[in-house]
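Note on naming: letters A, B, ... go to the chains in the order of the sequence lines (proteins, then strands), and numbering restarts at 1 for each one. Because the structure is a prediction, the values reported are computed rather than measured.
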Number of protein chains: 2
Amino acid sequence: MSPSYYSQFPKFHVAVDCIIFGFEQGHLKVLLQKRPFEPHRGEWSLMGGFVKADEDIDDAAQRVLNQLTGLHDIYMKQVGAFGNVSRDTGNRVISVAYFALVNIERVNAELNHGNSAYWEDMEKLPPLLFDHKEMIQSALKKLRAMIGHMPISFQLLPKLFTLTQLQMLYEAILGQKIDKRNFRKRVSEMTFIEKTNQVDKLTSKRGAALYRFNVETFNQEPIFKL
Amino acid sequence: MSPSYYSQFPKFHVAVDCIIFGFEQGHLKVLLQKRPFEPHRGEWSLMGGFVKADEDIDDAAQRVLNQLTGLHDIYMKQVGAFGNVSRDTGNRVISVAYFALVNIERVNAELNHGNSAYWEDMEKLPPLLFDHKEMIQSALKKLRAMIGHMPISFQLLPKLFTLTQLQMLYEAILGQKIDKRNFRKRVSEMTFIEKTNQVDKLTSKRGAALYRFNVETFNQEPIFKL
DNA sequence: AAAAAAAGTGTTCAAGTGACACTACTTATT
DNA sequence: AATAAGTAGTGTCACTTGAACACTTTTTTT
């Protein structure tokens, strides 16, 4: 038994698939693309890619996200490994799913439209390749479990946002209405969600105060409950 | 671009590693073994194995669990994929970790001692192979998040158990003391944790009522909060 | 009969959660 | 100048949940 004891065992293609969430006009969205190669070319699918020989899986996910969106250093969370024998009908491929939360406007500036990428509303997902819908559902479940404890949802919003936007975001992710006064009460307890003196006048005649997430204040007292 | 488009990409050994939790004498334990092959033969490690070419990853985890313990159809939960380039110093191996909860007595009857398997207390883990300690920590974190909502902890106990045992189990998993009266109050609200008329006299002179988890009652009203 | 050992049992207070409806401000329209 | 339109913003109360807390009961052993 030399170090090549391993070599008696089969090897597999390993891919990463990215569930890239965005938020626009009160709707939670996912970035989909038409698969650019055979088999199943042209079907709607998540953005994915094969892991390279000298690459950590986490890094592969970052690379794939970057290829599509141009973004670097985005927080990505592993959803899990999907490894049924017949999940990929082309060949045996084990895929590790990751999700990311991104600001749609920042991404659209950089989107490589040669990829025919498209933001699809989570409520209106078309049929998707293989088990990609299952991956999205798992990712959403994980996201729902996390947003109450970790301030990750701000990644989906512009730097400055109104409390109505923030509330609509939570409603979209959780899939349920939230009481406005209770929501704002909780927000006001988080000192790191701070009011600026700027006003957004796009959606109301009165105008709404713009808020910002202050990382430094959060690091001093990282207690988050929404 | 034929169906062998995939073939330009590298392939990897894919393994599963099993975190097998047990509970004995008030302590949460993990089943470890001395690695039976090179490299690193003899180091303490989780029970693992390579995925076969025609095998779902979930099935591979079940197979590995069965090889070591003889148990079938045990609930296993995926912890995640561990895929850093240098996690396995022997060769690139991507490993998917799973955890299972088993009854130690049932397992010990079947344990293949040729594997030199050993139940180690979670508080006293020795240095472990590669990233196995990290896998165990992730598994414990996941377990902690689950036991409050799902009645999985009963897998760790004998069919009949006392409330003191059940409480010690929760204390061991959560790593903190629980108030006895509050705990028993909550248990008494779960009608599917039912008192038998049998009594355990091993640990007290008075004797303690033995309880059982009733699956049928649980299925009728699957609301679990502990 | 007394001591030992763990089982079993309620109440009270604080905190958190959820339900609920009107006023304030600005702009556009007449 | 008045009013209509449209969203922002604001407090209270009832209820539920969670946390703290100590003594009595039962049986066996000495």
Side-chain angles (χ1 to χ4, degrees), chain A residues 23-27 144-145 147-149 157-158 160-191 193-213 221 223-226, chain B residues 23-27 144-145 147-149 157-158 160-191 193-213 221 223-226:
Chain A
F23 179 70
E24 200 175 38
Q25 291 163 344
H27 290 269
R144 283 179 176 167
I147 55 163
H149 316 288
L157 294 172
L160 298 179
F161 50 86
T162 68
L163 293 189
T164 301
Q165 282 179 293
L166 185 62
Q167 180 178 345
M168 287 195 304
L169 170 58
Y170 274 82
E171 290 177 340
I173 294 177
L174 297 172
Q176 58 185 29
K177 284 280 168 203
I178 301 174
D179 180 273
K180 181 162 65 159
R181 281 173 289 187
N182 293 337
F183 183 79
R184 292 165 100 103
K185 202 188 309 169
R186 275 177 285 155
V187 167
S188 69
E189 284 159 6
M190 323 252 153
T191 53
I193 302 180
E194 62 186 22
K195 197 175 191 169
T196 66
N197 45 23
Q198 296 177 68
V199 172
D200 173 301
K201 307 214 59 158
L202 294 175
T203 50
S204 89
K205 306 195 164 157
R206 174 182 180 169
L210 284 164
Y211 285 74
R212 114 164 36 94
F213 175 73
E221 196 182 351
I223 296 163
F224 190 83
K225 291 254 173 200
L226 265 180
Chain B
F23 179 69
E24 201 174 39
Q25 292 165 342
H27 290 268
R144 283 179 176 167
I147 55 164
H149 317 289
L157 294 173
L160 298 179
F161 51 86
T162 67
L163 293 188
T164 302
Q165 280 180 294
L166 185 62
Q167 179 177 347
M168 286 195 305
L169 171 56
Y170 274 83
E171 290 176 341
I173 294 176
L174 296 172
Q176 56 184 32
K177 284 281 168 201
I178 301 174
D179 179 273
K180 181 163 63 160
R181 282 175 286 188
N182 293 337
F183 182 80
R184 292 164 100 103
K185 201 187 311 167
R186 276 176 283 155
V187 167
S188 68
E189 284 159 6
M190 323 252 152
T191 54
I193 302 179
E194 61 186 23
K195 198 174 188 168
T196 67
N197 45 23
Q198 296 177 68
V199 171
D200 173 303
K201 308 213 58 158
L202 295 174
T203 50
S204 90
K205 307 196 164 157
R206 174 182 181 169
L210 284 163
Y211 286 73
R212 118 170 27 98
F213 175 74
E221 196 182 352
I223 298 164
F224 189 83
K225 291 255 173 199
L226 265 180

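- A distance of 12.0 Å separates CG of B:L169 from CG of B:L163, quoted to the nearest 0.5 Å.
- Two residues are said to be in side-chain contact when any heavy atoms from C-beta on lie closer than 4.5 Å; B:T162 and B:L210 meet this criterion.
- Counting only residues at least two apart or in different chains, side chain to side chain donor-acceptor pair (under 3.5 Å) contacts with residues 197-213 of chain B comprise B:E194-B:R212.
- Among residues two or more places apart in sequence or in another chain, the side chain to side chain donor-acceptor pair (under 3.5 Å) test is passed with A:K195 by none.
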**Message:** Treating primed atoms plus P, OP1 and OP2 as sugar-phosphate and everything else as base, which nucleotides of nucleotides 14-23 of chain D get B, S or - for protein heavy atoms under 4.0 Å?
**Reply:** -----BBBB-
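- For the atom pair B:I173 CD1 and B:R144 CZ, the distance stands at 9.0 Å (nearest 0.5 Å).
- Interface limits on DNA chain C: the 5'-most and 3'-most nucleotides within less than 4.0 Å of chain A heavy atoms are C:dG18 to C:dT27.
- Contact annotation for B:T164: backbone-only contact, meaning every heavy-atom pair under 4.0 Å involves sugar-phosphate atoms and none involves a base.
- Residue pairs meeting the salt bridge (charged side-chain N to carboxylate O under 4.0 Å, His left out) criterion with at least one partner in residues 165-188 of chain B, sequence neighbours excluded, are B:E171-B:K177.
- Between A:F161 and A:F213, the shortest heavy-atom contact is CE2-N, 3.9 Å.
- Judged as a side chain to side chain donor-acceptor pair (under 3.5 Å), and not counting sequence neighbours, B:H149 has no contacts.
- At a threshold of 4.5 Å between non-hydrogen side-chain atoms, the residues A:I147 and A:L226 do not count as touching.
- Residues satisfying the salt bridge (charged side-chain N to carboxylate O under 4.0 Å, His left out) criterion with A:E189, sequence neighbours excluded, are absent altogether.
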Give each protein N/O atom lying under 3.5 Å from an N/O atom of nucleotides 26-30 of chain D, with the pair distance.
from: D:dT27; atom 1: O3'; to: B:K201; atom 2: NZ; distance (Å): 3.2

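- Using a 4.0 Å cutoff on non-hydrogen atoms, no part of residues 167-176 of chain A comes near DNA chain D.
- Under the side chain to side chain contact (heavy atoms under 4.5 Å, CB included) criterion, A:A172 pairs with A:F23, A:L28, sequence neighbours left out.
- Residues satisfying the salt bridge (charged side-chain N to carboxylate O under 4.0 Å, His left out) criterion with B:K225, sequence neighbours excluded, are absent altogether.
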